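The residues of the chain are indexed from 1 along the displayed sequence. Here the structure is a predicted model, which means the values were calculated and not measured. Side-chain atoms are counted along with the backbone in the values below, which use heavy atoms only and exclude waters and symmetry mates. In listed order, ligands and their atoms are each counted from 1.
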Amino acid sequence: MSRFWSPVVQTLTPYVPGEQPQMQRLVKLNTNESPYGPSPKSLAAIQEQNNEDLRLYPDPEGIALKQAIAKLHGLDPKQVFLGNGSDEVLAHVFVGLLKHSKPVFFPDITYSFYPVYCKLFEINYQTVALGENFEIRTADYKTPNGGIIFPNPNAPTGRAIPRSEIESLLAFNTDSVVVIDEAYVDYGTESCIPLLRGNACPDNLLVVHTLSKSRALAGLRVGFAVGHPDLIAGLERVKNSFNSYPLGRLAQAGAIAAIEDQAHLEQTSAKVMQTRAKLVSELSSLGFETLPSTANFIFTRHPGHSGAALYQALRERGIIVRHFKLARIEKFLRITIGTDEQSSELVSALKEILA
Ligand SMILES: *Cc1c(COP(=O)(O)O)cnc(C)c1O
């Protein structure tokens, strides 16, 4: 605390990211990174950009990357907004599209960065309780609001809702923006991006993606949003009032090559989904109850053990998972899907702990 802090800084409760421990030989299953490397084509493109041109500023608009994203998703480049990780995209979304006199709605259990942005930007928000089985109930969002945002699949539960439900929410909710954070969409969830194609593009749907999870580029910091060109134009105004060059030359080059290598994404996501299915069934034989997941992580609890104790016991065995000390979910562990080998180590450790 310093007497020079602005009043708002004194009131903040900053987001705490999952730890990035420096210990060797750790099974790190706590921040939903990909266990597989990025596309080799992406690494090659970054190498190639690693040259004298780094003395020059990057393209402030990221046109080539916008074109690659637009092409992949059947959109116009004017429908694409870029940011330094989707966390930065989300920050601009909160300022630019969700700050109104009516409160923005999001689930009571969700990505814990949302309330942090609301505090920082002094945005009025209201949480909406998940259902009994931790599902998002869109019916509960059908009252006047200043905007709606949730991940699909939701984090940290891993539960998704079908696109048709979001369409029905949009049909009702025409006076504010609906933001779907699709950070984990590539592991078996229906994307809302098809709704944005062509003339039928709604003026109030925004879909946010990251290259940090399924494209294995968390260290490069690239995220994007897609939606109606008028929404994107608003986000560009915010971005250009904050930082004109959020993406460096290396990030832009690496991201373009990653977006173009859809085969790599499909192979690695398929592998993660296979490992997930096997892990869920092995955990079930140990007595764990796991929520149905279409993410690269699972949310699981054991009726006979506290989440905090399991977290600690795993940690002592060099396996790091995520535990949230929050009402309703303190019994759960959020476990990132790693390689088959990491999964086996996890299951062996849990057998030992439960014995
Ligand atoms: C990981 C994650 C993000 C942010 O990813 P970036 O690394 O900042 O691109 C956004 N939303 C959710 C729900 C996430 O889990």
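- Residues that satisfy the side chain to side chain donor-acceptor pair (under 3.5 Å) test with Glu345, not counting sequence neighbours, are Arg25.
- Hydrophobic cluster of Tyr245: the remaining members, joined at side-chain heavy-atom separations below 4.5 Å, are Tyr57, listed by chain and number.
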Atom pairs and distances, donor-acceptor, side-chain atoms in residues 47-56, under 3.5 Å, two or more places apart:
residue	atom	partner	partner atom	Å
Asn51	OD1	Asp53	N	2.8
Asn51	ND2	Glu48	O	3.0

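- For the residue pair Lys278 and Ser281, no side-chain donor N or O sits within less than 3.5 Å of a side-chain acceptor on the partner.
- Ligand 1 lies under 4.0 Å from heavy atoms of Gly85, Ser86, Asp87, Leu90, Tyr111, Asp181, Ala183, Tyr184, Thr210, Ser212, Lys213, Arg221.
- Remark: the backbone N or O of Cys201 is not paired with any side-chain donor or acceptor of His228 at under 3.5 angstrom.
- A donor and an acceptor atom, one from each side chain of Thr336 and Lys213, are nowhere located under 3.5 Å apart.
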